[in-house]
Amino acid sequence: QAKQQGKDGYVVFKSAMHSQAVALLQLENDLRRALDRQEFRLHYQPIVQLQTQKIIGFEALTRWQHPERGLVPPSDFIPLAEDTGMIVPLGQWLLQEACSQMLHWQQQFPHETPLSICVNISSRQFAQNDFVADIRQTLTDFPIARSSLKLEITEGVIMEQEETVAEKLKQLKAMGVRLSIDDFGTGYSSLSYLQTFPVDTLKVDRSFVMKMGHPDSREIVKTIVMLAHNLKLDVVAEGIETQAQGKLLKEMNCEYGQGYYYSRPVEHHAATNLLAKSQSDIIEHQTQY
Ligand code: C2E
Ligand code: MG
Ligand code: MG
Ligand code: MG
């Protein structure tokens, strides 16, 4: 009897694994075709100067409009794209798309400091031999101000690729491209890389901002902001959802932020409207004086 059950259990387990594997394979297949079928979209989330709420740039965030599944979030397909190597052509596409869009915006909305565009770079993409050459080519094809391209990498990328990372970062820096550490505070405990590598910006991870009601998280955020300033780095707080969080961050002298409180990531038309509004608010503000 017990043996029988065990056997049945095994069969059930096996078939569940099987259908999971099939589903994953299917998704992988779909992912391979998604680029050709133009199913990827970029959404843009404003990054604001907290004091003025003025938009200083955007983070480009990739969306996959799947014909049957609908919108697939990046957490579901970026890891798969990494595993299959699809991240390389996808990464090239989205970098070009983001720079092409930013070129329009910089022409339409000229600022003293040009609007910036932040692009997430995954580990495997960064590891490519021709990564730096690709960036250079993209900036030739879409000649945005070089310092307005901000590449976001995580601490993990720096730690995993220690031998090659220094040279690549040096080349990117020489090109004028900026570098941000994404999800700062969630990775490795060693901070020494901040001295040795030409990092420009720390992005305080959303998990700390979210819990800022608690004194511990508040202290962590405060410490990261101070660390950034002492090292002459910019600091951006991620995931600001409430006015109270924005206010606390301003009090800590955190200059920049992004989050649902200011805007969710939106498609480019909506982002253009936000820019137009941000600019007219500033003009109104200036004419008051
Ligand atoms: P990330 O780079 O840390 O991006 C910020 C994520 O936080 C985005 O999620 C954004 O929609 C979300 N977010 C922003 N403000 C808020 C807020 O106030 N509350 C909450 N709850 N969430 C907020 P998204 O777009 O789902 O992307 C998730 C992650 O996927 C990104 O984290 C990034 O690591 C990765 N990713 C997204 N697009 C790309 C891409 O084009 N290339 C690569 N390599 N990775 C990407
Ligand atoms: Mg990011
Ligand atoms: Mg992040
Ligand atoms: Mg991230």
Side-chain angles (χ1 to χ4, degrees), residues 31 34-35 39-48 50 55 57-65 70-99 101-102 116-128 131 134-135 138 149-157 160 178-187 199-212 221 224 234-246 248-249 256-268 270-271 274:
L31 191 66
L35 251 188
E39 291 168 359
F40 292 110
R41 304 275 178 276
L42 279 191
H43 280 189
Y44 300 91
Q45 184 175 39
I47 297 177
V48 304
L50 294 176
I55 298 175
F58 292 95
E59 175 170 5
L61 295 157
T62 306
R63 304 289 179 257
W64 179 13
Q65 187 64 56
L71 214 58
V72 184
S75 54
D76 286 2
F77 69 85
I78 295 286
L80 191 60
E82 277 251 299
D83 290 348
T84 55
M86 270 294 298
I87 194 71
V88 176
L90 172 59
Q92 278 171 338
W93 172 82
L94 69 92
L95 187 72
Q96 290 172 10
E97 179 78 9
C99 290
Q101 180 59 60
M102 186 39 77
S116 59
I117 184 74
C118 306
V119 179
N120 292 286
I121 304 296
S122 73
S123 174
R124 183 146 175 193
Q125 198 184 349
F126 190 86
Q128 294 293 307
F131 177 71
D134 281 351
I135 298 282
T138 304
L149 177 60
K150 300 187 176 176
L151 304 180
E152 296 192 359
I153 58 176
T154 58
E155 295 170 283
V157 171
E160 285 159 23
R178 300 287 170 94
L179 223 85
S180 302
I181 303 298
D182 204 352
D183 308 334
F184 186 79
T186 60
V199 170
D200 299 284
T201 305
L202 302 185
K203 296 192 78 172
V204 183
D205 191 64
R206 179 161 63 90
S207 59
F208 303 120
V209 175
M210 209 167 68
K211 292 180 292 194
M212 263 196 321
V221 175
I224 295 176
D234 281 339
V235 56
V236 179
E238 298 189 290
I240 304 172
E241 294 189 352
T242 67
Q243 188 178 27
Q245 290 166 347
L248 269 175
L249 286 158
Y256 307 106
Q258 65 186 101
Y260 294 171
Y261 176 64
Y262 303 103
S263 169
R264 288 186 177 253
V266 293
E267 49 81 41
H268 71 98
L274 290 174

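One-based numbering, in listed order, for ligands and for the atoms of each. We count residues from 1, following the sequence as given.
The ligand atoms of ligand 1 that sit less than 4.0 angstrom from a heavy atom of E241 are 17 (C), 18 (O), 19 (N), 20 (C), 21 (N). Of all the atoms in ligand 1, the ones that sit under 4.0 Å from a non-hydrogen atom of Q45 are 14 (C), 15 (N). In summary, the atoms of ligand 1 found under 4.0 Å from a heavy atom of D183, numbered by their order in the structure, are 3 (O). Annotation for ligand 1: atoms under 4.0 Å from non-hydrogen atoms of I240 are 18 (O).
The ring-ring contact (aromatic ring centres under 6.0 Å, His included) search around Y262 returns none, not counting sequence neighbours. Residues satisfying the salt bridge (Lys or Arg N to Asp or Glu O under 4.0 Å) criterion with D200, sequence neighbours excluded, are K173.
The N, O or S atom of D183 lying closest to the Mg ion (ligand 3) is OD1.
You'll find the side chain of I117 reaches within 4.5 Å of the side chain of F58, heavy atoms only. Contact of the F184 side chain with the V235 side chain is not registered, since no non-hydrogen atoms from C-beta on lie closer than 4.5 Å.
Listed for the E238 side chain is no donor-acceptor partner under 3.5 Å among the backbone atoms of Q258. Put simply, the side chain of E267 gets close to the backbone of A270: a donor and an acceptor are under 3.5 Å apart.
Of the candidates T154, L42, D182, the one placing a heavy atom closest to atom 1 (P) of ligand 1 is D182. Among H43, R124, R63, the residue whose heavy atom sits closest to atom 25 (O) of ligand 1 is R63.
If you look at S122 next to ligand 1, the close heavy atoms, those under 4.0 Å, come from the backbone and the side chain alike. When non-hydrogen atoms are compared, ligand 1 lies under 4.0 Å from neither the backbone nor the side chain of K203. Under 4.0 Å from ligand 1, heavy atoms of T62 appear from its side chain as well as its backbone.
For D205, every N, O or S atom stays at 2.8 Å or more from the Mg ion (ligand 3). Among the backbone and side-chain atoms of N120, an N, O or S atom lies under 2.8 Å from the Mg ion (ligand 2). Among the backbone and side-chain atoms of E152, no N/O/S atom is found under 2.8 Å from the Mg ion (ligand 3).
Rounded to 10°, the angle that OE2 of E59 and OD2 of D182 form at the Mg ion (ligand 2) is 170°.
For the atom pair NE2 (H268) and CD (E97), the distance works out to 7.5 Å, reported to the nearest 0.5 Å. Interatomic distance, CD1 of I224 versus CD1 of I181, reported as 12.0 Å (0.5 Å rounding).
Heavy-atom distances between E238 and ligand 1 reach below 4.0 Å in at least one pair. The shell of residues lying under 4.0 angstrom from ligand 1, judged by heavy atoms, excludes P73.
Of the candidates T84, V72, I87, V72 is the only one forming a side-chain contact (heavy atoms from CB on, under 4.5 Å) with F77. With respect to D134, the side-chain hydrogen bond (donor to acceptor under 3.5 Å, both in side chains) criterion is satisfied by exactly one of Q125, Q128, Q92, Q96: Q92.
Residue S75 places no N or O, backbone or side chain, under 3.5 Å from any N or O of ligand 1.
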